[in-house]
S.K.: 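Dumping the structure here so I can ask a few things about it.
Remember, it's a predicted structure, so these values are computed and weren't measured experimentally. Every number for a ligand or one of its atoms is a count from 1 in the order of the listing.
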Amino acid sequence: MTYYDLAIIGSGSGNSLVTPYWDGRKVAIVDGGTFGGTCLNVGCIPTKMFVYPSQLAAAAGQAGPLGVDLRLDKVRWQQMRDRIFGRIDAISEAGRRYRDEELENVTLYQDFARFTGPKSLVTAGGHAIEAGHVVVAAGSRAVLPQVPGIDLPQVHTSDTVMRIDQLPERVLVVGGGFVAAEFAAVFSGLGAEVTQVNRSAPLLKSEDALVSERFTEAAARSWDLRLGWTLSAIEEHGTGVRAVFAASEGAGSQTVDADIVLVALGRVPNTDTLDAAAAGFDLTGDGRLAVDGYQRVLSGGVPLPDVWALGDISNPFQLKHVANHEARTVVHNLEHPEQLRRSDHRFVPSAVFTRPQIASVGLTEQAARAQAAGGQIVTAVQEYGSTAYGWAMEDTEGFVKLVAEKATGRLLGAHIMGHDAATLIQPLIQALTFGLDVHSMARGQYWIHPALTEVVENALLSLDLPPGG
Ligand SMILES: Cc1cc2nc3c(=O)[nH]c(=O)nc-3n(C[C@H](O)[C@H](O)[C@H](O)COP(=O)(O)OP(=O)(O)OC[C@H]3O[C@@H](n4cnc5c(N)ncnc54)[C@H](O)[C@@H]3O)c2cc1C
Ligand SMILES: NC(=O)c1ccc[n+]([C@@H]2O[C@H](COP(=O)([O-])OP(=O)(O)OC[C@H]3O[C@@H](n4cnc5c(N)ncnc54)[C@H](O)[C@@H]3O)[C@@H](O)[C@H]2O)c1
């Protein structure tokens with residue numbers, strides 16, 4: 001049994017916990033996967049590095065109405081892939097080497113581990129570890145449905161699909177969430193024939209209903225979209241596969257032939273492989289580690305001393321900026337046990353880097369109405385096409401939707417679909433977070449003319465609020 005002052009399970013967001021405070025103290029980092037975790041190696045970063053060139057390629061099909069005839073000559077997939085992973089793999093390896101070889105006080109165990117007690121672990125290789133403080137940052141993994149053929153080499157998750165050797169001609173995307181939306185857009189933008197099949201309608205159903213509805217329509221215009229079908233089997237067919245789907249309601253089946261299949265049916269926290277329940281940690285109904293507002297792991301509803309968790313293993317958001325925020329909370333709390341700080345989960349934004357892009361923060365209209373308890377909710381929808389920059393783009397899809405409380409003029413939620421939505425939403429995140437009311441936001445500052453941000457200004461002005469509200 002080796003004793004450490006701090007043991008961190010997971011080198012994704014967990015890696016940022018090794019601050020100078022730990023110099024001269026013994027730290028163990030345990031990770032059986034690729035150093036740097038999901039976001040760096042198989043998540044946010046490589047996906048967006050594919051999204052950008054795919055957008056450039058897709059622009060060829062969008063320029064015609066503006067009087068510019070573009071043609072997509074060729075996509076050099078291998079060069080694109082190698083540029084992306086040439087950069088990412090080097091960052092991962094440099095991070096691993098720094099922790100493993102250069103920091104004297106840190107020991108890196110490149111192995112999976114499971115708990116034998118609240119502050120003791122054993123690695124798969126048999127190393128027993130005990131620690132004064134434990135931080136669980138072991139993330140989540142992709143769900144695979146147990147259907148015949150799921151193990152075929154043509155079947156991928158987001159972990160493997162970005163490393164394939166050539167751009168497939170036909171891609172089948174199964175699922176209707178964030179991962180499915182992003183990869184369907186990437187592959188179709190690059191010229192592959194994409195079929196997306198989802199169990200239910202509409203797509204992206206955690207979004208505001210108008211966003212889900214309009215994105216589903218946009219997706220159906222861009223690729224072959226089939227809703228209401230559940231994957232039941234995959235079989236080899238020539239060099240590719242044939243996937244069989246059963247009608248989600250009623251009888252009937254259909255098949256889709258493709259070169260590869262991307263399965264994107266959600267992610268589950270890695271608490272099972274950690275033996276978290278055996279160590280006495282409380283789990284939420286969906287299998288996450290239960291934590292309090294200070295990121296302390298609970299046992300029997302009570303925070304365990306010096307055991308912390310952060311990121312996908314414990315929060316329901318499954319977003320990197322949330323994991324980073326929680327890591328900052330844990331860094332502070334480890335270093336200042338007398339002045340614990342809470343994580344702030346009030347206004348967690350998200351963006352889906354699909355085509356068109358989507359971003360949201362705060363309450364959807366449906367959630368706001370459910371919570372209103374008699375108070376009146378107002379909404380406004382402003383089309384990009386109603387502003388000068390929207391005219392420049394000849395935009396027909398983009399819009400900003402705002403949700404506010406009538407009596408107070410308080411903004412409750414913002415939802416954007418269209419060009420640069422993830423960037424355009426930032427002032428609205430700021431307004432929600434710092435409690436800026438709608439009128440002050442709209443009229444208390446300049447809005448650059450004729451920037452696309454005018455669509456946000458006009459959406460704020462369109463809300464039917466009392467004067468000054
Ligand atoms: C395709 C894709 C795209 C995404 N895009 C975005 C995006 O654009 N924006 C965004 O905000 N979020 C995005 N996300 C989500 C984001 O990647 C995650 O929320 C974030 O990486 C979670 O960080 P984490 O530190 O909690 O876990 P991770 O980064 O997953 O780290 C957990 C680590 O723990 C290790 N581990 C697991 N079990 C054990 C064990 N028993 N013993 C030892 N080690 C273990 C794993 O090997 C892993 O390295 C995306 C995710 C995916 C899959
Ligand atoms: N841009 C981003 O921030 C970004 C991008 C990608 C992923 N992520 C994160 O990664 C997580 C995982 O993404 P995801 O797209 O895999 O999950 P998701 O939760 O977004 O979507 C899962 C989809 O699969 C469907 N589904 C679930 N089980 C099913 C089953 N048995 N049969 C058929 N359909 C089923 C759901 O209805 C849903 O449409 C997300 O929660 C997201 O937070 C974020």
S.K.: At the 4.0 Å heavy-atom cut-off, does P145 count as touching ligand 2?
M.R.: no

S.K.: Do the charged groups of R163 and D89 touch, with an N to O distance under 4.0 Å?
M.R.: yes

S.K.: Please state which part of H321 comes within less than 4.0 Å of ligand 2, counting heavy atoms only: side chain, backbone, both or neither.
M.R.: neither

S.K.: Quick one: does ligand 2 sit under 4.0 Å from the side chain of R199, the backbone, both or neither, non-hydrogen atoms only?
M.R.: side chain

S.K.: Could you check atom 18 (P) of ligand 2 against the protein and tell me its nearest heavy-atom contact, residue, atom and distance included?
M.R.: G177 CA, 4.0 Å

S.K.: Which ligand 2 atoms are under 4.0 Å away from a heavy-atom of F353?
M.R.: 1 (N)

S.K.: For ligand 1, which atoms have a heavy atom of G139 less than 4.0 angstrom away?
M.R.: 26 (O), 27 (O), 30 (O), 32 (C)

S.K.: Under 4.0 Å, counting heavy atoms only: does K48 come that close to any atom of ligand 2?
M.R.: yes

S.K.: List ligand 2 atoms under 4.0 Å from L319, heavy atoms only on the residue side.
M.R.: 3 (O), 43 (O)

S.K.: Would F178 count as a polar contact of ligand 2, with the cut-off being nitrogen or oxygen pairs under 3.5 Å?
M.R.: yes

S.K.: Test your reading of the structure: does T47 have an N or O sitting under 3.5 Å from an N or O of ligand 1?
M.R.: no

S.K.: Polar-atom distance check: D312 versus ligand 1, any N or O pair below 3.5 Å?
M.R.: yes

S.K.: Closest non-hydrogen protein atom to atom 36 (N) of ligand 1, residue and atom name please, with distance?
M.R.: A138 O, 3.9 Å

S.K.: Classify the contact between D111 and ligand 1 as side chain, backbone, both or neither, using a heavy-atom distance cut-off of under 4.0 Å.
M.R.: backbone

S.K.: When you check the gap from the basic side-chain N to the acidic O, do E93 and R96 get nearer than 4.0 Å?
M.R.: yes

S.K.: Below the 3.5 angstrom mark, is there an N/O of T38, backbone or side chain, next to an N/O of ligand 1?
M.R.: yes

S.K.: Does the N or O separation between A351 and ligand 2 drop below 3.5 Å for any pair?
M.R.: yes

S.K.: For the residue pair Q254 / R226, report whether a side-chain donor-acceptor contact shorter than 3.5 Å exists.
M.R.: yes

S.K.: Would you say the side-chain atoms of R141 and N270 include a donor-acceptor pair closer than 3.5 Å?
M.R.: yes

S.K.: Below 4.0 Å from any atom of ligand 1, is there a heavy atom belonging to L40?
M.R.: no

S.K.: Under 3.5 Å, N or O to N or O, is T230 touching ligand 2 that way?
M.R.: no

S.K.: Indicate yes or no: does an N/O atom of D31 lie under 3.5 Å from an N/O atom of ligand 1?
M.R.: yes

S.K.: State, with a plain yes or no, whether a side-chain heavy atom of L172 is found less than 4.5 Å away from one of F245.
M.R.: yes

S.K.: Counting heavy atoms only, which of R267, Q146, Q357 comes nearest to atom 12 (C) of ligand 2?
M.R.: R267

S.K.: Can the ring centres of Y109 and H127 be said to be less than 6.0 Å apart?
M.R.: yes

S.K.: Output yes when the distance from some N or O of ligand 1 to some N or O of F183 is under 3.5 Å, and no in every other case.
M.R.: no

S.K.: Should T107 and T2 count as side-chain neighbours, where that means a heavy-atom distance under 4.5 Å?
M.R.: no

S.K.: If the threshold is 4.0 Å, N to carboxylate O, is there a salt bridge linking R328 and D344?
M.R.: no

S.K.: Find all atoms of ligand 2 within a distance of less than 4.0 Å from any non-hydrogen atom belonging to F317, and give their numbers and elements.
M.R.: 43 (O)

S.K.: Just to be sure I'm reading this right: ignoring hydrogens, which of S92, P46, C44, G43 gets closest to atom 16 (C) of ligand 1? Compare them by their nearest heavy atoms.
M.R.: C44

S.K.: Before signing off on this row, confirm whether E182 and ligand 2 have an N or O atom pair separated by under 3.5 Å.
M.R.: yes

S.K.: Select the closest option to atom 32 (C) of ligand 1 among G37, A137, S16, G12, judged by heavy-atom distance.
M.R.: A137

S.K.: Which one of E182, Q318, R114 has a non-hydrogen atom at the shortest distance from atom 15 (C) of ligand 1?
M.R.: Q318

S.K.: For atom 24 (O) of ligand 2, what is the nearest protein heavy atom, given as residue, atom name and distance?
M.R.: L265 CA, 3.4 Å

S.K.: Going by heavy atoms, is V42 under 4.0 Å from ligand 1?
M.R.: yes

S.K.: Please identify which atoms of ligand 2 are closer than 4.0 Å to at least one heavy atom of G176.
M.R.: 23 (C), 39 (O)

S.K.: Ignoring hydrogens and angles, tell me if any N or O in the side chain of S222 forms a donor-acceptor pair with the backbone of A218 under 3.5 Å.
M.R.: yes

S.K.: Using a 4.0 Å heavy-atom cut-off, say whether V174 meets ligand 2 through its side chain, its backbone, both or neither.
M.R.: neither

S.K.: Taking the six-membered ring of F85, is the NZ or CZ of R81 close enough (under 6.0 Å from the centre) and on axis enough (within 45°)?
M.R.: no

S.K.: Do the side chains of K26 and D5 get close enough for a salt bridge, i.e. N-O under 4.0 angstrom?
M.R.: no

S.K.: Going by the closest heavy atom to atom 12 (N) of ligand 1, which one wins out of K320, K48, R267, R141?
M.R.: K320

S.K.: Taking atom types as modelled, find out whether E326 and N315 have a side-chain donor-acceptor pair closer than 3.5 angstrom.
M.R.: yes

S.K.: Look at atom 25 (O) of ligand 1 and say which protein heavy atom is nearest, naming residue and atom and giving the distance to 0.1 Å.
M.R.: S13 OG, 2.7 Å

S.K.: What I want to know is whether I313 and ligand 1 share at least one N or O pair that is separated by under 3.5 angstrom.
M.R.: no

S.K.: Among side-chain atoms of R355 and S188, is any donor-acceptor pair under 3.5 angstrom?
M.R.: yes

S.K.: Under 4.0 angstrom from ligand 2, any heavy atom of K205?
M.R.: yes

S.K.: Students should be able to answer this: which protein heavy-atom is nearest to atom 42 (N) of ligand 1, and at what distance?
M.R.: A113 N, 2.9 Å

S.K.: Name the option, out of L144, T157, V179, that contains the heavy atom nearest to atom 6 (C) of ligand 2.
M.R.: V179

S.K.: Is the contact between K320 and ligand 2 made by the side chain, the backbone, both, or neither, using heavy atoms and a 4.0 Å cut-off?
M.R.: neither

S.K.: Could you identify the single nearest non-hydrogen protein atom to atom 41 (O) of ligand 2 and state the distance to 0.1 Å?
M.R.: Q318 OE1, 2.9 Å

S.K.: May I ask which of F112, F353, F317, F115 has a heavy atom nearer to atom 39 (C) of ligand 1 than the others do?
M.R.: F112

S.K.: Which residue from G266, C44, S248, S158 reaches closest to atom 22 (C) of ligand 2 through any of its heavy atoms?
M.R.: G266

